[in-house]
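Counting begins at 1 with the first residue of the sequence.
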Amino acid sequence: MYAIVEIAGLQYKVEKDQQLFVNRLSGEEGDSVTFDRVLLTDNGSISVGAPVIAGASVEAQIIEHLKGDKVIVFKKKRRKGYKKKNGFRAALTKIQITGISGDTGKTEKKNNATQAKAAVAETKNTEE
């Protein structure tokens with residue numbers, strides 16, 4: 001079983017017991033976090049959200065906070081004497097996925113769409 005979840009503005013394909021690096025999350029090492037923006041789940045049958053699956057969530061545990069590898073940013077304009085060198089290290093959090101849970105097959109948008117269709121049908125019945 002896997003899920004596609006949005007964490008800190010980026011989408012990740014995650015499975016149970018998987019470890020991954022994400023942008024820095026608030027919380028201490030050892031804390032448990034829950035991500036509610038599940039876009040897709042696959043547990044034998046694929047459920048796609050529109051945009052998210054209602055009731056689905058991904059639980060994870062923060063393992064450690066760390067910095068990524070240094071990235072050198074070098075700017076230069078030829079023949080002008082302009083050179084600028086900067087370094088950058090991304091603040092990352094290492095997390096481990098502890099579980100994927102939630103409602104399968106139901107999405108927020110589909111629920112709203114079926115409610116809207118039912119409301120339109122009711123108004124047509126009352127007009128007649």
Side-chain angles (χ1 to χ4, degrees):
M1 176 176 184
Y2 71 90
I4 296 178
V5 63
E6 185 176 322
I7 302 172
L10 299 174
Q11 296 177 10
Y12 297 94
K13 179 181 175 183
V14 296
E15 295 178 0
K16 189 173 184 335
D17 298 328
Q18 178 184 3
Q19 293 184 354
L20 66 144
F21 295 97
V22 297
N23 289 333
R24 182 67 56 102
L25 299 174
S26 60
E28 299 296 322
E29 294 179 4
D31 287 352
S32 181
V33 292
T34 303
F35 305 109
D36 296 331
R37 295 202 41 93
V38 179
L39 307 174
L40 181 140
T41 59
D42 182 12
N43 56 350
S45 65
I46 296 176
S47 300
V48 180
V52 296
I53 299 174
S57 63
V58 173
E59 293 81 25
Q61 183 177 10
I62 296 175
I63 297 175
E64 65 178 323
H65 296 293
L66 52 110
K67 286 187 171 184
D69 294 335
K70 182 174 271 193
V71 177
I72 302 298
V73 180
F74 184 74
K75 299 178 183 180
K76 179 181 178 179
K77 295 191 186 281
R78 62 184 188 160
R79 298 187 302 269
K80 305 297 179 197
Y82 173 78
K83 291 190 273 187
K84 181 72 79 174
K85 181 180 178 183
N86 285 322
F88 173 76
R89 292 184 73 186
L92 301 174
T93 300
K94 185 176 182 180
I95 62 172
Q96 180 169 2
I97 306 300
T98 57
I100 300 171
S101 65
D103 196 5
T104 58
K106 296 191 178 183
T107 61
E108 290 178 4
K109 192 170 187 178
K110 286 184 181 178
N111 291 338
N112 292 338
T114 55
Q115 290 173 358
K117 287 179 184 178
V120 169
E122 287 178 22
T123 56
K124 286 183 181 180
N125 291 337
T126 56
E127 289 177 0
E128 294 175 352

Q) How many angstroms lie between NZ in Lys75 and NZ in Lys83, if you round to the nearest 0.5 Å? A) 15.5 Å
Q. Would you say Lys70's side chain and Phe88's backbone share a donor-acceptor pair under 3.5 angstrom?
A. no
Q: Could I get the full list of side-chain hydrogen bond (donor to acceptor under 3.5 Å, both in side chains) partners for Glu59, not counting sequence neighbours?
A: Ser57, Ser101
Q. For the atom pair NZ (Lys85) and CZ (Phe74), what is the distance rounded to the nearest 0.5 Å?
A. 8.0 Å
Q: Could you list the residues that satisfy side chain to side chain contact (heavy atoms under 4.5 Å, CB included) with Lys80, not counting sequence neighbours?
A: Lys77
(Q) Please report the interatomic distance CD1(Ile46) to OG1(Thr41), rounded to the nearest 0.5 Å. (A) 9.0 Å
**Q.** Heavy-atom closest pair, residues Thr98 and Lys16
**A.** O-NZ, 3.3 Å
(Q) Can a donor-acceptor pair be found, under 3.5 Å and without considering hydrogens, that links the side chain of Asp36 to the backbone of Val38? (A) no
Q.
If I take atom CD1 from residue Ile100 and atom OH from residue Tyr2, how far apart are they, to the nearest 0.5 angstrom?
A. 10.5 Å
Q | same_hphob_cluster(Ile63, Ile95) at 4.5 Å side-chain heavy-atom cutoff | A | no
Got a list of side-chain donor-acceptor pairs under 3.5 Å for residues 19-30, not counting sequence neighbours?
residue: Gln19; atom: OE1; partner: Lys94; partner atom: NZ; Å: 3.4
residue: Arg24; atom: NE; partner: Leu92; partner atom: O; Å: 3.3
residue: Arg24; atom: NH2; partner: Leu66; partner atom: O; Å: 3.1
residue: Glu29; atom: OE2; partner: His65; partner atom: N; Å: 3.4

Q | ILVMFWY cluster, Met1 and Phe35 together (side-chain gap under 4.5 Å) | A | yes
Q. Taking all atoms of both residues into account, what is the closest heavy-atom pair of Ala60 and Ile97, and its distance?
A. CB-CD1, 4.0 Å
Q. Rounded to the nearest 0.5 Å, how far does CZ of Arg89 lie from CG of Asp69?
A. 7.5 Å
